[in-house]
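What follows is one structure encoded as C-alpha cells, with my remarks underneath.
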Amino acid sequence: MAGVSMKDIKLRIRSMESTKQITKAMEMVAASKLRRAQERVTHSRPYFETLYDTLRTIAEKTEDFDSPYLAERGGGKVCYVVIAGDRGLAGGYNNNVLKMAYAEIAGKDACVLPIGKRSVEFFRHRGVPILTEAYAEAADISISDCFSASKLLCKAFLNEEFDDIFVVYTTFVSILSQTPTLRKILPLPRTGKEKTGDPTCLTLYEPSSFEVFDAIIPEYLGGVIYGALCESVASEQGARRTAMDAATKNAEEMIGDLSLKYNRARQGAITQEITEIVAGGES
Amino acid sequence: MTFHLEIVTPDGVSFDGQAESLYVRTQQGDIGILPNHIDYLAALGMGQARVTVDGQTRTAACIGGMVSVSAGEVKLVATTFEWAEDIDVPRAKAAEARARRVIEEKKLTEEELRLAEARLKRALVRQSVGRR
C-alpha cells in the first residue's frame, strides 16, 4: 500500500470530524445570537436614522454658528471611534473594519476610542494613541455606556482636544453582506449646498440654538454610537455564521475525500492479501 | 386637522402616524404642538407626554432626547418613551426605593450619585404617568 497508512487516514478523519463539530456548534450559536442582534438592529435603526437625518437637516438650515458643535475648526486633530468584535473566527469582519480605520488614520494626528477587544489590541499593537480602554467588551455595552462615552467625547471636543470625530463601524446590510462604514459625527456634517435664502425655513430654537445644541448633541452622539454598535454586533454574528458555515462545509468535503482515500487503501490492502494467499496456494 | 408624527426610541418606533396634537415637556417647560407649527427644535426634559389621535388622548412617560418640527413633520426622538398602559408601576416603585437607598449611602463618587439621581427621577416620572 502506497503513501499513508490506513491508520493515519483514520486519525485525520477523526480530527476533521471533531473540528467540524466545533465549527457546526459555533455556527449554531452565531445563528441564534444573530437573530437577537438582527431584531435589535431593526428596532434601533429608525431611531438612529431619524436622529442622524434630523440633526443634519438642522445643521444645513441653521444660519448662525453660535454652537461649537457646528463650526468647522479646520484643525488636523481627529478622533475615531472604532467598533470591532471581541473575538476572532468571524471571517473578515474584524480585519475589514480595522484596516479601513487604519488606512483613514495613516498620516493624521489622530487618536482612537476603540470599542471591542480586537479593536483595542489592534491599536495598542500599532501604537496609535488611545483615548480610553473602558469600552473593551463590545458585547455587553449598554445604551448608558454609550451615553457616558458620548459625554467623554463631547467634553474632549469642547476642550479642543480634537477637531473632528468619526465613527468607524460595520453596517449590517443583510445576513450575507456587511460593509465597513465611516461616518462623520462632529462637527455636524453639512453637504455644503448653497443656501436658498428662503425666509420661511427659519427654525425656532427654544431657548436658543446654542443651548439646544448643547443639550442635544451629547444625546445625538450617544445615540449614533449605540446605533453603530448594534449594527456592528449584528454584522459580527452574521460574518461569524457565514465563516463557520463555510468551515463546516470544507470539513465535510475533506472528510469525504479522506473517506474515499481510506476505502481505497483498505481495498488495496485486501487485494494484496488475496494475491498473497493465492500466490502462496499455487506454489 | 392632523400632522404627521413620528416617535422613535432606541427600542423601536413607538408611534408613526397622523396626530391632532402633541404635548411634551422640554427643558424649558411644557409645550404643545398643533398642525402647522413653525419649524422648531428643543431638547426634551423629563415628564409626561400627551398625544391626541382621533380625539383620544394617550399619555406616556417621555425622558430625554429632542423634538423637532420641520416642514410640518414632527419628530420626537426620545431616549425613553413609554405609553402609560405599558408602564410597570410596581417595578418603578422598586427602582425608586433602590435609588433612594443608594443616594443615602454617603460614600458615593460624583458619577455614581448622578446616575442614582437620574434613576430616581426616571422612576418618579414613570410612577406619576403610570398611575393615571
Side-chain angles (χ1 to χ4, degrees), chain A residues 39-63 67 134 142-148 150-152 198-230, chain B residues 4-17 24-34 36-46 62-81 95 99 109-112 114-119 121-122:
Chain A
E39 219 165 83
R40 201 163 71 141
V41 166
T42 43
H43 280 156
S44 71
R45 203 175 263 168
Y47 172 76
F48 183 37
E49 293 299 331
T50 313
L51 197 62
Y52 195 76
D53 289 345
T54 314
L55 263 286
R56 222 184 35 194
T57 323
I58 290 159
E60 237 146 68
K61 272 203 246 165
T62 192
E63 300 282 333
S67 174
S142 66
I143 187 150
S144 59
D145 290 321
C146 289
F147 283 125
S148 69
S150 106
K151 259 184 219 126
L152 181 92
D198 186 356
T200 56
C201 70
L202 288 175
T203 305
L204 178 68
Y205 297 95
E206 214 161 63
S208 70
S209 71
F210 179 81
E211 274 168 77
V212 166
F213 280 115
D214 216 42
I216 285 175
I217 294 290
E219 301 248 359
Y220 152 79
L221 207 59
V224 169
I225 292 174
Y226 179 72
L229 188 73
C230 289
Chain B
H4 185 241
L5 171 66
E6 206 180 333
I7 301 173
V8 289
T9 71
D11 299 325
V13 181
S14 298
F15 183 85
D16 186 2
V24 281
R25 179 158 301 171
T26 69
Q27 291 185 343
Q28 300 297 305
D30 284 1
I31 60 142
I33 293 174
L34 295 171
N36 293 325
H37 196 283
I38 189 176
D39 285 2
Y40 180 80
L41 181 71
L44 293 177
M46 297 177 132
C62 176
I63 300 163
M66 62 177 190
V67 56
S68 89
V69 186
S70 179
E73 294 269 315
V74 182
K75 280 177 181 149
L76 183 65
V77 183
T79 316
T80 307
F81 189 93
T109 64
E110 214 173 292
E111 176 74 8
E112 281 170 337
R114 206 182 46 75
L115 272 177
E117 276 174 354
R119 270 200 204 104
K121 276 185 200 154
R122 276 202 295 271

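No experiment lies behind these values; they were computed from the predicted model shown. Protein chains get the first letters and strands the later ones, always in sequence-line order, with residue 1 at the start of each. All values below were derived from every heavy atom in this structure, side-chain atoms included, with hydrogens, water molecules and symmetry-related copies excluded.
For the salt bridge (charged side-chain N to carboxylate O under 4.0 Å, His left out) test, no residue two or more places apart in sequence or in another chain qualifies with B/Glu117.
Heavy-atom pairs under 4.5 Å with chain A peak, among B/Ala78, B/Gly12, B/Ser70, B/Pro10, at B/Pro10.
From A/Leu221, atom CG reaches atom CD1 of A/Ile217 across 8.0 Å, with rounding to the nearest 0.5 Å.
For a residue to count as touching a neighbouring chain, one of its non-hydrogen atoms must lie under 4.5 Å from one of that chain's; by this rule B/Glu73 does not touch chain A. For a residue to count as touching a neighbouring chain, one of its non-hydrogen atoms must lie under 4.5 Å from one of that chain's; by this rule A/Phe147 touches chain B with the side chain only. For B/Ala118, no part sits under 4.5 Å from any heavy atom of chain A, backbone or side chain.
Put simply, the side chain of B/Ile63 does not reach to within 4.5 Å of the side chain of B/Lys121, judged on heavy atoms.
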Side-chain donor-acceptor pairs of residues 24-31 of chain B under 3.5 Å, sequence neighbours excluded:
{"from": "B/Arg25", "atom 1": "NE", "to": "B/Asp30", "atom 2": "OD1", "distance (Å)": "2.8"}
{"from": "B/Thr26", "atom 1": "OG1", "to": "B/Gln28", "atom 2": "N", "distance (Å)": "3.1"}
{"from": "B/Thr26", "atom 1": "OG1", "to": "B/Gly29", "atom 2": "N", "distance (Å)": "3.4"}
{"from": "B/Thr26", "atom 1": "OG1", "to": "B/Gly29", "atom 2": "O", "distance (Å)": "2.8"}

